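What follows is a short report on a single structure.
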Amino acid sequence: MPKYNPEKIEKKWQRYWEAKKFYHTKEGKNNYMLLTEFAYPSGNLHIGHWLAFSVPDILARYLKMTGHNVLYPTGFDAFGLPAENAAIQRNINPRDWTEDNIKQMTKQLKNTGAMFDWSRAVSTIDPAYYKWTQWIFLKMYEKGLAYREKTFVNWCPKDKTVLANEQVKDGHCDRCGTEVEQKELFQWMFKITDYADRLLDDLDKVDYPETVRVAQRNWIGRSEGALLKFPIFNSKFSKGGQEYIEVFTTRADTLFGATYLVLAPEHPMVTKLTKDENLDTINKYLEEVKNKTEIERLYIDKSKTGVNTGGYVVNPINNEKIPVWVADYVIGWYGTGAVMAVPAHDERDWDFAKKFDLSIEKVVAMAQPEGTEDGAYEDEGDLINSGEFEGVFSKEARKKIVDKLKEKGLADFKKNYKLHDWVLSRQRYWGVPIPMIHCDKCGYQPVPEKDLPVELPVLEDFKPTDDGRSPLAKAEGWTMAKCSKCGQDAERETDTMDTFVDSSWYFLRYADPINQKEFADKKKLRAWLPVPLYIGGAEHNTMHLLYSRFITKALHDLGYLDFDEPYLTRRNHGVILGPDNQKMSKSRGNVVDPDIEVKKFGADTIRMYLSFMGPYDQGGPWNTDGIQGVFRFLNRIWNFIDKPTEPKVSDKEVDKILNKATKEIGGDIRDLKFNTGVSGLMKLLNALEDKWLTKKQFGTFLKLLAPFAPHITEELWQTVLKNKKSIHLEAWPQYDEALLIDGPVDLVIQVNGTKRDVLKITKGLSEEEVKRIVLGNENIKKYLVGKDIKKFIYVKNRLTNIVI
RNA sequence: GCCCAGAUGGCGGAAUUGGCAGACGCAAUGGACUCAAAAUCCAUCGAUCGCAAGAUCAUGGGAGUUCGACUCUCCCUCUGGGCACCA
């Protein structure tokens, strides 16, 4: 036997599988699409990709061996800012840059040995793909779920484009870290807020990690409360009937304690309400607030500032006249941009009231009255100083108070959300053109379906501009179009779509990737979807997952899908850190290059090491020594074959060992416990290495290893065991429950909870029999001399505890 | 500030979900092979005391429940992540 040379055998078998179209998948029985997140073609595969693709491949292969018709798809999420910025830097076209990267990464992905079905690979920059991205947009538009509106948007001055709220982290651009500005622009948006309730409630229908559910709940940020109307007192403009300030509150029970009202600086009523003598102060204040950046206002300076308008409103529950203030701790866009202030029961209002000496009225009794005097009491309790609602508990009081005001038309129950509509316009070149045409006469009109795709033109100058216009506006020939309604000259929309639109439906396309008539055939969709298991990174817990859930629900409502949740189960993988336990980055010089590791150890070793290093959802530092252990293991397997494998009789003991391992390793893979799966294989080799194995027994061993190390097992299976067909067409070995249970077991003997001895006993003994054996044991007797046995605990086949 | 996850040898981690803590691997030490090194193989490997048999301690810290706690409950410390003036 020659030395184990992974480089040689891996290439060989990869070519073999590809030539035989091994992993090309057709709809059949027991279909299973194992979904991982398709890659962004950044240029080079990094070790994180290996974790994301080659480890789930173990599960894909196992599922295939256990009788599933497995589709393990892949593709490229290829539009987007980074490619465009890289192309600008290198002064080449983003398309050339991206396509080169795709070529390179395709090659590298094949090196992982994963059973990707390349015949179904999708690429979001392919017009045959983005035709359907545009089509989905049009359907959303028809349904009123896509609309154009002038709003304040997050503008990244460096990338010169709009960002969705989700792409802003602590006031900075998620991509480049530049401080984000607010700009008022017309933007195309998806009405995701219409789906807020369903996106929230349906989380109960799917199996996601708790962290993901929490993250999504936070994003959606539903709070249930009420809208209350406060009549304006003696409004100087109230000629035609009473005017009101509306507030949103979750604590209507504290209404009797509302001693003032606060408007956000952006609130339209601010100047109206302000008394003439206060106008100067107010304007000065508004100017001050305007000069603060969003970051200063929301993240840095949380001290309360504000000014009195001099105006008053009337508390609708007790008709008391209360002052109206303006303060920037109230957020303009949330709720109504106005709040009722209850300083006794809200910390922020408390701080403000203390600072400006406003009155504080307690209306909820503290559970422990001896509690602190200083500060707001925010918990619930029985109402006090609350007229007819005296003594009613908060929860009930909320309902009663709103009900009462509702009769007078002064209140209603209301849910509020943090979630905003999804701004999908991007003023950049490298994206899917939004398929709309603007006609001076007819306004915005959709591009007719038959004219899709609206192809992205090739531009010499695709650099972003400062004026908020997309570079596509420079393509004069391209922008010219006919209005689809009146036929007159009109102009194409020049914004492109956020790449999250591209990736919000790609998994649907895997079911039917070359269909030219529909985004996918209904029957094929039914065969593969919804996705039974989606494995990916925690960075997509909110945006991508929420967006694709939304698009799926919308397509479902439009009648195109039978299901309204795209992924039944979601599991996250961890992050691989550098050997120094820091995030891998070029500047730190701690990047592990998988190409180099493949050269040194081969794909099988890397796959197994990534599996072995810890729980899959945890990640952790790459250990240069640790990988040696796995490499050694594969070498031992390789050399194992040199031992005689044809003894006279089949060894029962070996069968038993294999039987147990089959059950355990299979269970580990199903539970994504790849680390214990690998250790199980190592234990198995330890147990078998000094034994004689039949050809069949060795074959069984190889099958257990095959999902983890597809190349070495194929080599040994075909060239050494002389099998004609691939090991990857074999079924996972059957195990026999009966073989698992016979034989003696170790019985642990404790005295007062401390282990004193271990005895081998026959399985299934009764308590009486065990008691006789244990108490008769010389070694145990010495602990019991002169003691009374108070209690004898027996856990069947496992342990006894003698309490003295 | 709030929410979530986590803390186990020198290191990565395991523990049938309340039943032998430290599986498996790495590193380390000693030995075999070798002129030598690498590779490989054998042995040791949580701490303390002990020649040994063995004993005691030990899963971030402190209490509790239990015959029995890494596992459950309460309090605290630290680490990672998310949200954050959202009314």
Side-chain angles (χ1 to χ4, degrees), chain A residues 3 169-170 209-219 221-223 225-226 228 247-252 254 258 262 264 297-299 301-304 327-342 345-349 351-352 378 416-419 538-539 541-542 575 581 608-609 612-615 617-630 632-633 635-636 639 664 667 673 675-686 746-758 789-804:
Chain A
K3 246 182 92 185
K169 293 265 166 335
D170 287 345
E210 192 53 26
T211 45
V212 180
R213 300 154 89 101
V214 169
Q216 297 218 1
R217 273 192 213 115
N218 281 342
W219 258 118
R222 176 165 74 194
S223 47
L228 305 178
V247 305
F248 173 75
T249 180
T250 54
R251 292 297 301 272
T254 63
V262 195
R297 192 173 148 188
L298 288 179
Y299 302 99
D301 186 15
K302 289 192 184 181
S303 67
K304 303 277 179 295
D328 73 345
Y329 78 90
V330 175
I331 299 165
W333 54 260
Y334 186 77
T336 62
V339 300
M340 66 181 215
V342 186
H345 304 292
D346 183 283
E347 219 178 275
R348 296 154 302 177
D349 298 341
D351 292 345
F352 194 77
E378 296 191 318
N416 233 324
Y417 305 89
K418 287 190 218 174
L419 187 72
E539 70 274 20
N541 283 354
T542 43
V575 177
N581 210 0
M608 286 194 85
Y609 174 62
F612 187 52
M613 59 190 286
D617 59 359
Q618 191 182 293
W622 180 270
N623 184 323
T624 326
D625 291 323
I627 193 167
Q628 285 287 352
V630 174
R632 245 174 245 161
F633 167 75
N635 271 290
R636 275 166 65 201
N639 297 328
E664 285 175 358
K673 287 163 76 176
N675 54 336
T676 50
V678 173
S679 96
L681 287 160
M682 288 172 168
K683 278 192 235 179
L684 184 59
L685 181 63
N686 291 345
D746 289 335
L747 183 80
V748 174
I749 300 162
Q750 297 180 340
V751 178
N752 280 346
T754 307
K755 175 185 155 193
R756 292 301 177 189
D757 205 355
V758 182
I789 296 174
K790 295 202 185 96
K791 213 169 177 182
F792 187 87
I793 309 237
Y794 176 53
V795 183
K796 207 170 180 187
N797 297 332
R798 201 161 283 173
L799 147 153
T800 62
N801 190 10
I802 305 161
V803 186
I804 51 176

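When reading the values below, keep in mind they use all heavy atoms of this one structure, side chains included, and skip hydrogens, waters and symmetry mates. These figures come from a predicted structure and were not determined experimentally. In what follows, every chain begins at residue 1, and chains take the letters A, B, ... in the order their sequences are listed.
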Which stems, defined as runs of 3 or more consecutive Watson-Crick or G-U wobble pairs with both pairing distances under 3.5 Å, involve RNA chain B? B:1-7 with B:77-83, B:10-12 with B:24-26, B:28-32 with B:40-44, B:46-49 with B:54-57, B:60-64 with B:72-76

Considering only atom C1', compute the distance from B/C33 to B/U40 and round it to an integer number of Å. 9 Å

Close side-chain approach of A/Glu378 to A/Asp346, heavy-atom, < 4.5 Å: yes

Student check: side-chain heavy atoms of A/Met608 and A/Leu681 closer than 4.5 Å: yes

Give me the distance, rounded to whole Å, that separates B/A63 from B/A69 when you measure between the C1' atoms they each carry. 14 Å

Below 30° counts as parallel, above 60° as perpendicular, anything between as tilted: where do the rings of A/Tyr329 and A/Phe352 land? tilted

Pair of N/O donor and acceptor under 3.5 Å linking B/C85 base with A/Lys304 side chain: yes

Base contacts versus sugar-phosphate-only contacts with protein, heavy atoms under 4.0 Å: please encode nucleotides 14-19 of chain B as B, S and - from 5' to 3'. SSB--B

Hey, does A/Leu228 have a side-chain heavy atom less than 4.5 Å from the side chain of A/Met340? yes

A/Tyr609 side-chain N/O to A/Trp622 backbone N/O, donor-acceptor pair under 3.5 Å: no

Distance between P atoms of B/U44 and B/C26 (Å, rounded): 16 Å

How far does CD1 of A/Ile793 sit from CD1 of A/Ile802, to the nearest 0.5 angstrom? 10.5 Å

Tell me, do A/Lys796 and A/Tyr794 make a side-chain contact under 4.5 Å, heavy atoms counted? yes

With a 4.0 Å limit, can you tell me whether A/Arg213 has a side-chain N or O closer than that to the phosphate oxygens OP1/OP2 of B/G82? no

Under a 4.5 Å cut-off applied to non-hydrogen side-chain atoms, are A/Asn623 and A/Met613 in contact? no

Side-chain atoms of A/Arg636 come closest, of B/G25, B/C67, B/A55, to B/G25

From B/A87, B/G82, B/G25, nucleotide with atom closest to A/Met682 side chain: B/G25

Judged by atom type as modelled, is there a donor-acceptor pair below 3.5 Å linking the side chain of A/Arg636 to the main-chain atoms of A/Met682? no

Using atom CG of A/Asn541 as one end and atom C1' of B/A5 as the other, report the distance to the nearest whole Å. 12 Å

Rounded interatomic separation in angstrom, taking CG from A/Leu747 and C1' from B/G68: 14 Å

Could you tell me how far apart A/Asn623 (CG) and B/G12 (P) are, to the nearest whole angstrom? 9 Å

Length of the line joining A/Gln628:CD and B/A38:P, which is rounded to integer Å: 13 Å

When you check the glycosidic angle of B/G60, does it come out syn, meaning within 90° of 0, or anti? anti

Is it true that a side-chain atom of A/Asn541 and a backbone atom of A/Val212 form a donor plus acceptor pair closer than 3.5 Å? no

Closer to the 5' end of RNA chain B via nearest nucleotide, is it A/Asp625 or A/Arg756? A/Asp625

Given the P atoms of B/A27 and B/U77, what is the spacing between them in whole Å? 39 Å

Just the rounded figure in Å: distance from P of B/C11 to CE of A/Met613. 16 Å

Between P on B/G68 and CD1 on A/Ile789, what's the gap in Å once rounded to a whole number? 17 Å

Taking every non-hydrogen atom, the tightest pair across A/Asn675 and A/Pro615: ND2-N, 3.6 Å

Rounded to the nearest angstrom, tell me the gap between atom CE in A/Met608 and atom P in B/C26. 13 Å

Figure out the CZ/C1' separation between A/Phe633 and B/C24, and round it to whole Å. 11 Å

Interatomic distance at P, B/A23 relative to B/A14, whole Å: 13 Å

Looking at B/G82, B/A87, B/G25, which one has an atom nearest to any side-chain atom of A/Ile331? B/A87

Indicate syn or anti for B/U59, taking the glycosidic torsion and treating anything within 90° of 0 as syn. anti

Ignoring backbone atoms, test whether A/Tyr329 places a side-chain nitrogen or oxygen under 4.0 Å from the OP1 or OP2 oxygen of B/A87. no

Quick one: on RNA chain B, does A/Ile627 or A/Thr336 contact a more 5' nucleotide (nearest heavy atom)? A/Ile627

Using atom P in both nucleotides, what's the gap between B/A7 and B/A28 to the nearest angstrom? 27 Å

Heavy-atom side-chain contact between A/Arg213 and A/Glu210 under 4.5 Å: yes

What nucleotide among B/C20, B/C83, B/A87 has an atom nearest to a side-chain atom of A/Tyr334? B/A87

With a 4.0 Å limit, can you tell me whether A/Ser223 has a side-chain N or O closer than that to the phosphate oxygens OP1/OP2 of B/A87? yes

C1' atoms of B/G62 and B/G54, separation to the nearest Å: 32 Å

Taking only the side-chain heavy atoms of A/Asn218 (C-beta and beyond), determine which of B/A27, B/G12, B/G82 contains the nearest atom. B/G82

Say we look at B/C67 and B/G12: how far apart would their P atoms be, to the nearest angstrom? 36 Å

Scan A/Asn686 against the nucleic acid and name what it touches under 4.0 Å (heavy atoms): base, sugar-phosphate only, or nothing. sugar-phosphate

Taking B/G25, B/C83, B/U40 as options, the one with an atom nearest any side-chain atom of A/Arg632 is B/U40

Just to confirm, is there a sub-4.0 Å distance from OP1 or OP2 of B/A39 to any side-chain nitrogen or oxygen of A/Asn639? no

Under 4.0 Å from OP1 or OP2 of B/C4: is there any side-chain N or O of A/Arg217 that close? no

Select base, sugar-phosphate, or nothing to describe what A/Val803 touches, counting heavy atoms under 4.0 Å on all strands. sugar-phosphate

